[in-house]
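See structure below.
The chains referred to below are lettered A, B, ... by the order of the sequence lines, with proteins before strands, and numbering in each begins at 1. This one's a predicted model, so the numbers in the text were calculated from it and none came from an experiment.
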Amino acid sequence: MIISIFELILLYLPLILGAYLAISLMQIPNLAIESSFLMGAIIGSLFTNYFANHVFLSLGISLMAAGVAGGLTGLLVACLHLYGKLSLLLSNIVTIGATYGFSIVMLGGSHLTLNQHNNPLLIINFITNYPMLPTLIFITILISSLMFYFFKTNLGRICAVYGHNLKFLAAHKISTNYVLCVGLTIANFLAGICGYLVAQNNGFVDTSMSKGIALLSITALMIGKIFLKSKPIDFKIPILGTAGYFLLQTSLMSLGFDLLYFPLIQAAALTGIFISQNSRHHLNLGV
Amino acid sequence: MNKFFLVLILSILASAIYYFNQSKLAPNQYRIAILTPISHGALEEIIAGFKATLDTKLPCVFETFNAHGDRVLLRSQAEMIIQSHKYDLALVISTQPSLIIKEISKQRNSNLPIVCTAVDDPVKNGIIKSLESSGNNITTVTESLDQQYYQKQLEHLNKLFPKLKKLLLVYSPGVMLDREKDLLAHTCQESQIKLTVLPIFDTHEIAQKIKLLIPEQDGVIILKDNTVVSCIETLVQICQQFSIPLCASDLNSLNAGATCAYGVLEAEFGIQAAHKAYAILHDQKNPATVASSQVNQASFQVNQKSFNALTNLQTGVKKP
């Protein structure tokens, strides 16, 4: 069971890393993360089917296609906000509508069963009972390393500053438009990759697979933030948050808890935590 | 504070694992997991049919996992059923949970017998190899929907509404429902009924789109379509407003106000699944050798109240 939870963490970690960048650091209400998740799942899976006979090629190209599909969704939000002069929330809503229509066209319906014989996540398969785990570990290490490196760069630090002190960027003549575009593109790129991984793991894609993904991301970030003291950039927050979320969910399931009430209790508990934390110091999650 | 929550969560986890491993059963009792994606009338009937049938044959304890429409939770629940090694059999309802549990079962090399019921074309969806022999630890119960099924449905509909010449099909496109739509379109063509198709992708679209097309129609027909059936009340209301009949393909929709319905009893999916579970648990049959079956005893039923409320004489309503 522990390895299964570990696998779930690896599956959803790219999404939470993206959410950490956009929602927590840049403090953008990035609801379009759901659309990016869905677009990544659809486009990545279509590429996998197209390159079915070249599994090695398929993995790289499908992952990249899924990420690009997600990234373009994020870029659309940024462009609508910057050049369409829509508020960020409205840009997100318009993007969600647009990508939903596009996803139906791409999928040719609402559901697509994937051919598991061509699943590129089984490419490095040497762990019994967990055939996707090695590939997932490889992908997670790769993504985490790139993100770790990104947060060490000036642009990464500027993304963190963007959410906390916008005036600082203006004072140093740094283009906030550029930072917004890059931040949203990277965050949604990661959500797209996560969508693709989840679709391959489940064996199908459907238009409702992204429902609740934004809430999952925010909850995981909240859990991560509760565990750790607030720092400008702390890579452990999304990792601990994802782990905490799935550990909690699995524990409650094991206890036979009716998960119908899970969102309600989750919201009540988190509100209580926020109020108690905020009474002492400001717990800034950017959400 | 941070340490407190860390300790709290770890305590919950530890106690959950302890409780999970300690739960005991009476001797000779079978433990059965039921995985359902959401709660609604039809699915509850399937579960009730399964429990009632199996309870009379074997001493069983049932544990229901309901994902409440949450896909992440559904996957975790499927994982829990496969990984816990405490169940003797799993009943999985509808196509998407079946796809997920099949995938996890395959990845984990699990031998847990699985009975999937109310599944759309399990062979085409890759759940089993063939209806005779699944080639894995799964057996299925599916619905037989062929040309004959729709011919009978239209025959009944024509008897009830002889002047019905124009039908509006409201459906959500998908691999399986597209096939059913084609079958219905072909049957309508043979019966000289003009079928207009209204594809919808989300429940909120129904009320927006249908009002543009409905004034020209003699009746509305719907398939066994979760998206459309989940907002049947909206369709009932609109059809009543325009005084035209609504023909459903599941009998449960009659309770919501559909004029007539042609379909199978949902409980039958549960009953057939229970027979397969009995064969696996009691007769020690391998799920791969338990042939998949189809529920095909459909019946035509009329909601008298809705029927009487129809006042549109253009449809040529004749009271049954």
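Atom-to-atom distance recorded for S98(B):OG and F204(A):CZ is 10.0 Å, nearest 0.5 angstrom.
Between the side chains of R71(B) and N202(A), no donor-acceptor pair is found at a separation under 3.5 Å.
Interface summary for chain A: among E79(B), R75(B), H85(B), the most heavy-atom pairs under 4.5 angstrom belong to R75(B).
Around the CZ atom of F102(A), the shell of radius 6.0 Å holds no more than 12 heavy atoms that belong to other residues, nucleotides or ligands. Atom OH of Y50(A) has 12 or fewer heavy atoms from other residues, nucleotides or ligands within 6.0 Å. Environment of CZ in F62(B): crowded, with over 12 heavy atoms of neighbouring residues, nucleotides or ligands closer than 6.0 Å. By the neighbour-count criterion of 12 heavy atoms within 6.0 Å, atom CG of D55(B) is densely surrounded, having more than that number from other residues, nucleotides or ligands. Taking a 6.0 Å sphere around NZ of K209(B), one finds it holds more than 12 heavy atoms contributed by other residues, nucleotides or ligands.
No part of I3(A) comes within reach of chain B, as not one of its non-hydrogen atoms sits under 4.5 angstrom from that chain. At a 4.5 Å heavy-atom cutoff, L133(A) makes no contact with chain B through either its backbone or its side chain.
Closest approach of Q107(B) and N201(A) over heavy atoms only: NE2-O, 3.8 Å.
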**OP:** Test side-chain contact (heavy atoms from CB on, under 4.5 Å) on Y12(A) and V72(B) and set out the steps.
**Re:** CA-CA 10 Å; Y12(A) 286 94; V72(B) 181; 3.4 Å; yes
